[in-house]
Number of protein chains: 2
Amino acid sequence: MDRIIHKRGQVAQETVDKVNAIIEEFGYKRNIMASNLALNKKFHFAIFLPKSETLEYWKSQIDGIEKAALEFSKFGIVLDYFFYDYNLASFKESAKKIMQFECDGLLFAPIFYEESVQFLDEYKKKNIPVVMIDSNISEKNEYAYVGQNAFQSGYLAGRLISFAVKNERQILIFKITREIESTSVYLQRIKGFYSYFKDHDELTNFKFSEVTLKDSGIDQLSMEMFLGVNSVFVPNSRAYIVAEFLEKNKIKGVRIIGFDLLKENIEYLNKGVIDFLINQRPEDQGYLGINYLYKKLVLQEETEKIHYIPLEIILKENYFPAK
Amino acid sequence: MDRIIHKRGQVAQETVDKVNAIIEEFGYKRNIMASNLALNKKFHFAIFLPKSETLEYWKSQIDGIEKAALEFSKFGIVLDYFFYDYNLASFKESAKKIMQFECDGLLFAPIFYEESVQFLDEYKKKNIPVVMIDSNISEKNEYAYVGQNAFQSGYLAGRLISFAVKNERQILIFKITREIESTSVYLQRIKGFYSYFKDHDELTNFKFSEVTLKDSGIDQLSMEMFLGVNSVFVPNSRAYIVAEFLEKNKIKGVRIIGFDLLKENIEYLNKGVIDFLINQRPEDQGYLGINYLYKKLVLQEETEKIHYIPLEIILKENYFPAK
DNA sequence: TATATTTGCGTGTGCGTACACGGTGTTTTT
DNA sequence: AAAAACACCGTGTACGCACACGCAAATATA
C-alpha cells in the first residue's frame, strides 16, 4: 500500500493499478496527521536574512517568523538562522554556509539582485522549496514569494503625490542607499513611480530630479537640494532622514512619501512632516513565509506561490499602533 | 497519565502532584496530532450568516470560509451553514435553529445589533467558542472578532474627504439601508466620520447633511439632494447607487467615498466617479474566522481574540484585481 | 466477618500511517 | 540441478495519545 503511494517500487504494475483504482474509487486521502506521526520527522527551515539589528524592519520580519515558529513547533518545525551584514562579502559567506547546510526548506530575502540570482541558480539543484520575502526575483517563478509588488507600490506613490494637486510641481526622488545600490525593490519602486506619471498625460507639469546619498554621507544633505521642491519621494524606509533635515532647517510645505512604519518615520508622520507611508507589514511577511513552507512541506499542500501583501497607505489619521 | 491531564478524576492527589512535577521537569507537551488522531473526532462549526445571494460581499466571505474549510477538512472540520434573509424574522428563526444545534464552534455575523446581543447572551450558556466577523459587539469581549474597526474606518473616511481641500465644503452622508437601520457597523462608521471633523478644529468650514433612503425606495433619489454638495460619504457598500445617479444626471465634481470592492463600485471607481473605497477584505475575514476556531478547538491554542483587518484604501490607481 | 461498593491504577487496543522484516515464488547463475 | 539472487507481498511494530476494561486495594454495608 504505502509502497505504491511512496513509489518505493517492489510492487507489480498490476497490483499498482488495482490499488490505484480502489484509491480513486473510494476517494482515499492519506491522513497527514497520522503520516507525520509515523514519520516522526523534524522539518528544518533555513532562514537567510540580513541581521535584524541592522534595521527595525528586519526585526519585525523576525518577529513574525518566530511567532510562526512557535505556533508550528508542534508539527516538528525547527528554524536555523543564517544572518548576514548588509554587504556583499557577508552575504556571500552566509550563502556558502547555506549551500552546505542540510534542510527541508529555505526562507530567503534576495536583497542583492545579481548575487541572489546566482545563489538561487546554484541552490536549484538541491531541489528544496524556497520562499522569498521582501523582494521578489520574478524570473525565478519556480519559487514562492511573499511581499509587495514593488512596481505597483511605486506607482501608488506617484498617485499619492499627485493627489489633488493641479499646479506646477517639482518632485525630488531621494535615494539614500547603503553600499550597494542595486537592491531590487528599490529600483522597481522608482520605475513604478515614473510609470504613473507616464500613464497620465495631464500631469506634464511635474518636474523630476534625483539625489543619491550613501548611508555614510548623510551630512552631505544641503538646503540647495530642496530648492523649489514640493514633494519628496523616498523609495525606501529612510524617509525620516529627509524629514529630520527639513524640520531642523524649518523648511515647510514639502510633501514627503516613504515606506515602512519605523519608529522614526511614525514620529514624523505624527508631526505632520511625513505625509504618507506605505506599510509592507513585515511581521505578516515573516509569518506567511514560514506558513508557506509549513503548508508545502508538513501538509504537502499546493499553495499559491505568490502572496502579495496589500499596499497599505498609512496617514497620520489611520495609524493605530498595536497595543 | 491522561486521567490527570484531562482531570477525569480517579487519581490520588499524591499521584497527580508527582506526575505534574515530572511534566514540569521535562517540559512535556502533548502532541496534538496524536491526540486528535486518537480522539478521531469531527469538529462541527456552525456558520451563521446572511444569505450569500443577497450581496457580493457575503459571497466573498463564504469564499474565504470554504477555502479554509477545504484546507482544514483534513483535521476533521465540518461546516454547517445557517443562512438567513436580510430581515429580523428570518434572523430570529435561524437563531433558534442554532440554539438547538449541537456544534463545537460558531462563526457569526452580528448584523442586527440588539437581536445579536440577545442571541449571544442566550448562547453563552452553551459555552461554545464564538467568532464574530464583519461587525463586532464590543461589550461581548469574551468572544473573538475578525473584521475592521468600524469607528476608525469612518474616521479615516473623514480624513480622505478632507484631503487637500481647504475651501468651503458641503458633505452629504448618504444612508441607503434595508429594512433595519440599526446595523452596528454602519452607525459606528458615521460616528467615526463625524469624530474626525470634531477632532480637527481647522475644518469648521465643512457643512453636513444627511439623507436616508430605504433599499426599496431608490427611485426617490433626486437632484435636489445634491444641490451644492461637494462630497458624499456612503457608510456601506452602496456607493455605486449614488455614483450611478450622479453619472446619469451628469453631475460632476462630486467626490464619493464608500466601502467594499463590489463589481459595481469598482466600475465607478475605474470611471473616476467614485474616488475612494475602503476594502474590508471579506474573503480574508471568512478565512481568518474559521482559522480562529481551528486554532482554538483543534490546536487548542490561545490566540489573539481580536483581529482587525487593515483599512485598505483603494483608489483607481491601486486596484489590481486578483487574476 | 463476609460481601458489596468505591477508588486508584496498570494494561491493552485503536486512531491511520511508515517502514523493516521475513516469507514465498520466480528467475538467474554456476 | 542445486544454489543464489531477485521480485513481490503480508505482517508486525512503532509513532503519541485516548479511552475502556479489569484487577487490586481501600472503604462501606450488612
Side-chain angles (χ1 to χ4, degrees), chain A residues 1-44 69-78 102-105 127-129 294-302, chain B residues 1-44 69-78 102-105 127-129 294-302:
Chain A
M1 174 71 168
D2 56 291
R3 265 168 299 213
I4 296 163
I5 293 164
H6 297 292
K7 295 177 182 143
R8 219 177 292 108
Q10 306 283 324
V11 216
Q13 189 55 44
E14 193 187 356
T15 326
V16 173
D17 294 340
K18 220 187 297 175
V19 173
N20 276 333
I22 294 173
I23 286 177
E24 276 296 315
E25 173 98 23
F26 291 89
Y28 167 82
K29 291 256 171 56
R30 151 169 102 213
N31 184 328
I32 297 285
M33 323 243 299
S35 173
N36 284 352
L37 186 64
L39 272 167
N40 203 21
K41 170 175 171 24
K42 292 269 172 221
F43 295 89
H44 285 264
L70 196 69
E71 212 177 294
F72 296 139
S73 63
K74 55 170 62 99
F75 298 101
I77 285 182
V78 182
E102 288 288 316
C103 64
D104 306 284
N127 212 23
I128 289 173
Y294 157 74
K295 282 192 180 168
K296 178 94 180 178
L297 290 163
V298 181
L299 300 186
Q300 300 176 32
E301 274 175 14
E302 268 317 311
Chain B
M1 173 70 168
D2 56 291
R3 264 168 300 213
I4 296 164
I5 293 163
H6 298 293
K7 296 174 182 145
R8 219 179 289 109
Q10 305 281 324
V11 217
Q13 189 54 45
E14 193 186 355
T15 327
V16 174
D17 294 340
K18 221 186 297 173
V19 173
N20 276 333
I22 295 174
I23 285 177
E24 275 297 315
E25 174 97 23
F26 291 90
Y28 166 83
K29 292 256 169 57
R30 157 170 91 207
N31 183 329
I32 297 284
M33 323 245 299
S35 172
N36 285 353
L37 189 63
L39 272 168
N40 202 21
K41 170 174 171 25
K42 292 269 171 219
F43 295 89
H44 285 265
L70 196 69
E71 212 177 293
F72 297 139
S73 63
K74 56 172 60 105
F75 297 103
I77 284 182
V78 182
E102 288 288 316
C103 63
D104 307 283
N127 212 23
I128 289 172
Y294 157 75
K295 282 191 179 166
K296 179 94 180 177
L297 290 163
V298 181
L299 300 186
Q300 300 174 33
E301 273 175 13
E302 268 318 309

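Chain A is the first sequence line, chain B the second, and so forth, proteins listed ahead of strands; every chain is numbered from 1. Predicted, not measured: the structure shown is a model, and the values here were computed from it.
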Chemist: Have a look at B:Lys295 and tell me which of B:Gln300, B:Glu302, B:Glu301 forms a side chain to side chain contact (heavy atoms under 4.5 Å, CB included) with it.
Modeler: B:Glu301
Chemist: Locate the shortest heavy-atom distance separating A:Ile128 from A:Asp104; write the atom from each residue and the value.
Modeler: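 Result for this residue pair: CG2-O, 3.3 Å.
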Chemist: Mind listing the closest non-hydrogen atom pair of B:Cys103 and B:His44 along with its distance?
Modeler: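 Smallest heavy-atom distance, with atoms named: CB-O, 3.3 Å.
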Chemist: Identify all pairs in which a protein N or O lies below 3.5 Å from an N or O of nucleotides 12-16 of chain C, and state each distance.
Modeler:
unit_1	atom_1	unit_2	atom_2	d
C:dC15	O2	B:Ala38	N	3.3
C:dG16	N2	A:Ala34	O	3.4

Chemist: Can you name the nearest heavy-atom pair linking B:Pro129 to B:Leu297, along with the distance?
Modeler: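 The answer is CG-CD2, 3.8 Å.
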Chemist: Provide, to the nearest angstrom, the distance between the CD atom belonging to A:Gln300 and the C1' atom belonging to C:dT17.
Modeler: 12 Å
Chemist: Classify the angle between the aromatic ring planes of A:Tyr294 and A:Phe75 as parallel (below 30°), tilted (30 to 60°) or perpendicular (above 60°).
Modeler: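 The rings of A:Tyr294 and A:Phe75 sit tilted, inter-plane angle from 30° to 60°.
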Chemist: How long is the line joining NZ of A:Lys41 and C1' of D:dG16, in whole Å?
Modeler: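 In whole Å, D:dG16 C1' lies 19 Å from A:Lys41 NZ.
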